[in-house]
Structure formats: C-alpha cells, structure tokens
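Notes follow once the structure below has been shown.
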Amino acid sequence: MMPSFFKAHAMRSRFGCRPARILTLRRQYFSLSDIFFPREENMRFSRMFIRTLREAPSDAEAISHVLMLRAGYVRQLASGLYIYLPLGWRVLGKINAIMKEEMDAIGAQEISMPILHPAEIWQQTGRWDVIGGEMFRLKDRNDRDFCLGMTHEEIMTWLAAREIRSYRDLPQVWYQIQTKLRDEARPKSGVLRTREFIMKDSYSFDADEQGLDKNYQLHAEAYHRIYSRCGLKFMQVESDPGMMGGGYSHEFMAPSPAGEDQVALCPKCGYSANVELALSFSPVIEDREWQHEEVHTPEKRTVQEVSRFLKLTSEYFIKSILVISDNGPVLALVRGDQEVHDKKLAKIIGNHRPAQKTEVKDILGVEAGFIGPMGHTGIRVIADPCLKHATYVSGANKQHYHVKGIKAERDFTAEWHDIHIARQGDSCAACGGVLVVERVIEIGNIFKLGTKYSAALKAVYLDENGAETPIIMGSYGIGPARIAAAAIEQNNDKDGMIWPRSIAPFDVELLPLNMNDELTVKTAENLYRELSLSHVDVLLDDREERAGVKFKDADLIGIPTQIIIGEKTLKEGLVEIKDRKTRETVKIGLGDVISTVKALTDN
RNA sequence: CGGGGCGUAGCGCAGUCUGGCUAGCGCACCUGCCUUGGGAGCAGGGGGUCGGAGGUUCGAAUCCUCUCGCCCCGACCA
C-alpha cells in the first residue's frame, strides 16, 4: 500500500483540499493512519468540535449514554438515531479498523452493499412476511416495494446465487461495515439499541459442513481477537438462533449491568448460555410425601397467597399456566418458585399467548387460580423436569380448593421439558455445578445458517460430480457502537470515561495549564509537533481555560494518557505523564517524553 | 402495543394544583477586568412565548379537547 504520507500529498495537490475529507466522504473505512493526515487543526481542542456538558440531558440513564453525551461523543437526533461527533466517530473508526484487520486476517473480503433492498428478494426467503413492524418498508415512485436492510443475508445470498457456479469458487467469505436499519419497538440506552446502526456483518459460503465449521471457528477466533484488542471483558455463550433460522449459534457478551440480556455461567465446567436457552435444575427440595388430600383454600389463588395460607414455601407448589398456542391450548407446569420462559416454551409448542380468564374457565372448567395438573384430557401438558421428584400442592380444578400430595406420573402425566427461567443458584445441567447469572451486553453473534437462504434464493454450485448443491452458509455480526458503549460501561469512574488505549479517540492529551506562560505554550507546541510526527494521535488542549476546566474535560473525555505541562514543573525541565485510569503521575524530563509515550502506545 | 413519566433558553430546573405585573433561576454563551494545578471571581450583555393545533376566558405556560415528541418498565427484538 502507498504510504499514507505520499497518498495524502498526492491527493492534496490534485484536489487542493484536505485529503481526510475526500476519503471520509467516500464512506469507506480506512485505518486512522490512512485517513488521518496530521494537519494541526484536527487535533487542537480550540478548533476541534468538542462540546462537553456539565450536566447530562435528563433522558439519559445508562452510564455510557450519559458520558457519551456529556463528553461530546454523540448527540441524539430522534429516538434511536444518533449523530456521531468527531470524538465518537474516531472511536468507531478505530474499532472498525481493528475489525477490518481481523476479518482480512481470516481471509474475509470487504465489499459494500446497498441499504435499500427490493422486496422480491426478501419475499423469496419468506422474511418479508415473517418480520413484522421491525422492518422499515417503503415504495419507490413506481410503487415498487422496498425495505431498508436490517441485515444482509438475502442480498449476500442473491449475489452468491448469481456469481458462484462451481465448488472451485468456494469457499468465500464476504463482509461489510455498513448501516442497518430496524424500526425497534423500543430504542433504549443510548447507542446500545438504536434504529440505525453500523454493523460489521460477514457471510461465509461453503461447499460442505466441514467448510462451514471451519469458517464458524475462524470467526469465533477472530471475534475473540477483536474484543480482546478492544480491551473488553467478554464471553462467548450459546444462543438462540431466533428468526435467523439455522440451528447453531453463539453470542458474544460483554458483562455490564446496562445490558439487556442475561447469561447463565457454570464456573465448574464452563457451560455458558443465554438464559433464553440455558438448561438448569432448580435446587432439589425434600420430599414431604404428603397423603393425597383436598384442602379448602377460600379466595387463595396465586402461589404466594396459597403458600402463605398453608404455611409452605413456594417450592412445594406446582404453578399451572394455560396458554393458547396455534395448535390449541397447552398447560405449562413449573414449580412454584420458577417462572416459565416463553422462548423455551415456544420452541416446544410454537407461538403462544397467555389464556384469558374466560378461556381458562371454558377450557378447564375452573377459575384461574385453582388449576391443577390432574385430570385433563385432550390437552397438551408440558412440565418442567424438576416436578418429577417430590410431592406437591396445586389447584384442585375446583373453586376454592387445592390438593396436597400430588406426585408426578401417579397423579398426572406430562411431556417433560426444561421450560423454566434459569436462575442464579440453579444447578448446571451439564455438571451439577452452581450456576451464576450475569447481565450482559450483546456485542456480536455468529450463526450457522445452513441452506436456509441458499435454498430459497437458489444459490447453488456444481460439485465434483456435476450435481447441483445448495451452498452452506454462515453469518456473523458485530456492532461497533456496542463495543464502544460496552467499553465505557466497563471502564469509567465518577469523572468520566476511561478508554482502552486501542480504541481511544486519541492516544494522549496535552494539557498546557497556563496559556499565558510563553514557555508552557512553546513546550506544548513542540511536544504536539514531535508526537504527531511520531504517529501518536495527540489532542492539544490549547484553550484559554483555567487548569481546572482542562483537567475536568480531560478526565471526562477519557483519553488514556494525559501530559500535564505546568509552569512550575516546567522550570525544572519536567512535565507530568498521568494515567487516566490509575491517576498515577510521573514527572519526566522533556527529552524523554516521546520515548515514554511511544512505549505506552506501542503495546 | 400495554403501563408510567415528562415536554418552559443550548443543558439542568422553578412557575402549572389555586389563570392576572415585563416568564424566572443555575450552568453554558458574548464583552471587559481579573485569574491560571481541579469546572474561580467581579461587572455588563444576548437568547425562550412555554412541543403543536384548537377551545374556554376580559386575560392561558397554567383550565379543556385533540395531536406530536422524548424517556422508563413490560411486550417485542436480525
């Protein structure tokens, strides 16, 4: 590649303006060293568009949201729509550059696809109809249906369908870093859940399952490198493929209280899964072996009410919940201390909704609140396996009565499936260890798609025997804005952000404290120039502000290293290098600044 | 989509219940002085017509109706 310095000069002379602008306008992603020609005004605080706020807008709740607004990284345009200001955009640029390097390293090839998609392709895979309000739809002037791309399986597969003919063309891995649009029901938490967002999405095309396995594994490894390089704490967990189809998927999760997901982890065997599918056993209870007896429980309907009335803890109850599935009513049974997980249940019985009170009465002949597991005919019963053991109390199917002494198989039968929500303290289904449940931000995912899309869009190739075979696909996504938000959520203090070096908007910030002191200014300018020439991204706070203001803003913006140029220290020929995270400060001689900073940034 | 909350200056808020002087405060912003190691101080100044529309009234930020937007909880979620 042409060194950026020469490229920049070539472009300057040809276009007579800043090269960074030209490249940026092309909406592609270059590493920062490519797009950034160190013209001074880009790195001077006084000239750079940085607006910090002492108070955050009251709308903001998540820490990352508050800090991004306060530190001048983003501004909100509308619900779920964000403007990235220069600082924020630099961070995304660094994350994108890392993703690009790691994708290239596993042989993926970058392309760019339209955001506007013709409806036909989405109709062919069925997703035009399957996906509801989350898809932005529109018509062109000729009344043709279009949608805005929420993901690119369809278009990638469409391309593969026309271009790939032979097994010799495979494998292929294509990726892009591109805008996606989803009309989210509830955008929230700043840039964590937005309606428009950038995504690195890649797609693998293989001749066989082995090829898919390999690309899946390569992506998993590349993702580990990407998150590690971005300085995140993260984990890989089993996940529910959801509407992507296909059978196998993992999510990458960054632990944070701001996350929307929860994962169950087993410290003993390493089992880790989204709670949407995590298997677990609730703590075993002692079998009281009551005799079968009906108990009068007037007006006691909920597990809580009955358990208080009978002075028994909730684990000794069977919770009976009637839902209406597409194939009729289904009775779901869990222990009194458990909750039914709708997604787990949906995997067994398909779409369903809770039954209304009148439906319960019509179908079971008893008021909700007194339903029990016994004696139902012609209705599907799904029960959580923990109910196989011990003796329980549940509704008597008779107004104001419950039954004590219910035993599985003796008093009722059911299909046994894990349908409860895994909780902290449950036993690991794999090894019996004690599960930990943690809140996390989803920062990426990988899916084995199989032939779902290739079959629908006729993306086929001819194998060695000349047989037409559907391409085996995988798809893999990462949201860079979520990486940025997770990095902030995981690294902040009361004063502001603390960026991991690799994705900080700048490597160092120079803080000349007294701009009226000639030597201070001169020293700052010298360091600024020398650091720039050493390819260090440096922000110079050259504002005519008091020291306190500069310190506060520097801490808020969170650049990992601060170089403080104070009048008194400078008289001894020293400046201070301060670590934003630890706040440790060392005084060093002017001559050692460059090498010290380089040692920090080269790591 | 269900529940809750909120829209008054760039940001944070008071005023609304109980209608009535020229709509107010802090921060930010501008000018000058001063200050320069943790968002300093003094003096002067600019900026809002109260989310929007309609209505009630002598009079509406304030009451009524409709409407738009934003946030939170839930549902939903490639």
Side-chain angles (χ1 to χ4, degrees), chain A residues 51-62 65-66 69-70 72 75-81 117 122 125 127-128 130-136 147-156 180-190 192-195 197 199 201 203 239-246 249 251 260-261 274 276 342-343 346 351 353-354 442 444-447 449 452-453 475-479 494-496 511-517 520-521 541 543-557 562 564-570 575-576 578 583 585 587:
Chain A
R51 300 280 302 177
T52 59
L53 305 171
R54 206 183 285 204
E55 288 172 291
S58 54
D59 304 12
E61 206 140 284
H65 190 197
V66 171
L69 289 168
R70 282 195 55 209
R75 289 293 181 259
Q76 182 174 7
L77 174 66
S79 179
L81 298 176
H117 301 174
W122 285 80
T125 63
R127 290 210 288 185
W128 179 266
V130 171
I131 297 170
E134 205 179 345
M135 182 185 272
F136 281 108
C147 64
L148 301 179
M150 45 202 307
T151 177
H152 279 76
E153 280 78 18
E154 273 77 1
I155 313 305
M156 285 280 179
K180 310 282 184 236
L181 291 116
R182 297 178 192 172
D183 196 357
E184 289 286 349
R186 183 147 101 83
K188 58 189 280 199
S189 305
L192 278 177
R193 189 163 210 84
T194 55
R195 297 194 292 178
F197 57 96
M199 183 175 186
D201 49 325
Y203 304 83
S239 73
D240 177 2
M243 84 178 227
M244 288 297 297
S249 66
E251 286 165 325
E260 304 178 81
D261 288 288
N274 195 310
E276 289 173 3
D342 285 333
K343 284 201 177 171
N351 284 333
R353 58 168 177 82
E442 182 188 351
N445 49 35
I446 54 180
F447 295 93
L449 299 175
K452 173 176 171 170
Y453 297 92
S475 86
Y476 318 89
I478 291 184
K494 67 175 172 47
D495 291 314
L511 299 173
L513 296 187
N514 183 356
M515 292 299 287
N516 294 323
D517 179 56
T520 298
V521 173
D541 192 348
R543 294 173 302 168
E544 300 274 353
E545 288 286 357
R546 295 164 52 86
V549 175
K550 295 190 180 191
F551 284 132
K552 287 289 182 193
D553 276 339
D555 287 348
L556 182 58
I557 288 165
Q562 300 172 7
I564 299 157
I565 304 160
E567 205 176 335
K568 291 183 196 110
T569 322
L570 194 55
V575 296
E576 288 163 79
K578 180 168 168 186
R583 296 176 189 270
T585 305
K587 292 184 181 176

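All figures in this text were calculated on a predicted structure; none of them were measured in a lab. Computation of the quantities below employed the complete heavy-atom set of this structure, encompassing side-chain atoms and omitting hydrogens, waters and symmetry-equivalent molecules.
Within 4.0 Å (heavy atoms only), A:Glu251 reaches no atom of the nucleic acid at all. In this structure, A:Asp553 reaches the bases: a heavy-atom distance under 4.0 Å links it to at least one base atom across the strands shown. Nucleic acid contact for A:Pro512: none, since no nucleic acid atom lies under 4.0 Å from a heavy atom of the residue. Heavy atoms of A:Ser189 sit under 4.0 angstrom from primed sugar atoms or phosphate atoms, though from no base atom. Among the atoms of the strands shown, only primed sugar atoms or phosphate atoms (P, OP1, OP2) are found under 4.0 Å from some heavy atom of A:Ala78. Within the 4.0 angstrom heavy-atom criterion, no nucleotide atom of any strand lies near A:Asp517. Residue A:Gln76 is classed as a sugar-phosphate contact, given heavy-atom separations below 4.0 Å to backbone atoms only. Residue contacts shown for A:Met199 include a base, since a base heavy atom lies under 4.0 Å away. Among the atoms of the strands shown, only primed sugar atoms or phosphate atoms (P, OP1, OP2) are found under 4.0 Å from some heavy atom of A:Glu61. At the heavy-atom level, A:Arg70 lies under 4.0 Å from base atoms of the strands shown.
B:G59 is unpaired under the Watson-Crick or G-U wobble criterion, no partner having all donor-acceptor distances under 3.5 Å. Across all strands shown, B:U35 forms no Watson-Crick or G-U wobble pair with both distances under 3.5 Å. Here B:G26 sits opposite B:C11 as a Watson-Crick or G-U wobble pair (both hydrogen-bonding atom distances under 3.5 Å). In this structure, B:C6 and B:G69 make a Watson-Crick or G-U wobble pair, each of the two defining distances being under 3.5 angstrom.
A:Phe551 carries A:Lys578 over the face of its six-membered ring, with the cationic atom under 6.0 Å from the centre and within 45° of the normal.
Comparing B:C29 with B:A75, their P atoms sit 44 Å apart, to the nearest whole Å. For the P atom pair drawn from B:C13 and B:A23, the interatomic distance equals 23 Å after rounding to whole Å.
Close to B:G37, at under 4.0 Å from its OP1 or OP2, lies no side-chain N or O of A:Arg546. Contact check, A:Ser79 against B:C71: a side-chain N or O comes under 4.0 Å of OP1 or OP2. For B:C13, one of the phosphate oxygens OP1 or OP2 lies less than 4.0 angstrom from a side-chain nitrogen or oxygen of A:Ser58. For B:C11, the OP1/OP2 oxygens have no side-chain nitrogen or oxygen of A:Arg54 closer than 4.0 Å.
When distances run from any side-chain atom of A:Arg186 to the nucleotides B:G37, B:G39, B:G74, the shortest one goes to B:G74. The listed nucleotides are B:C11, B:C72, B:G38; the one nearest the side chain of A:Pro57 is B:C11. Of the candidates B:G39, B:G37, B:G12, B:G12 carries the atom nearest the A:Glu55 side chain, counting heavy atoms from C-beta on. Nearest to the side-chain atoms of A:Ala185 among the listed nucleotides B:C11, B:A75, B:G38 stands B:A75.
Taking the six-membered ring where tryptophan is involved, the planes of A:Trp122 and A:His117 are essentially parallel, since the angle between them stays under 30° and well short of 60°.
Environment of CZ in A:Arg51: sparse, with no more than 12 heavy atoms of neighbouring residues, nucleotides or ligands closer than 6.0 Å.
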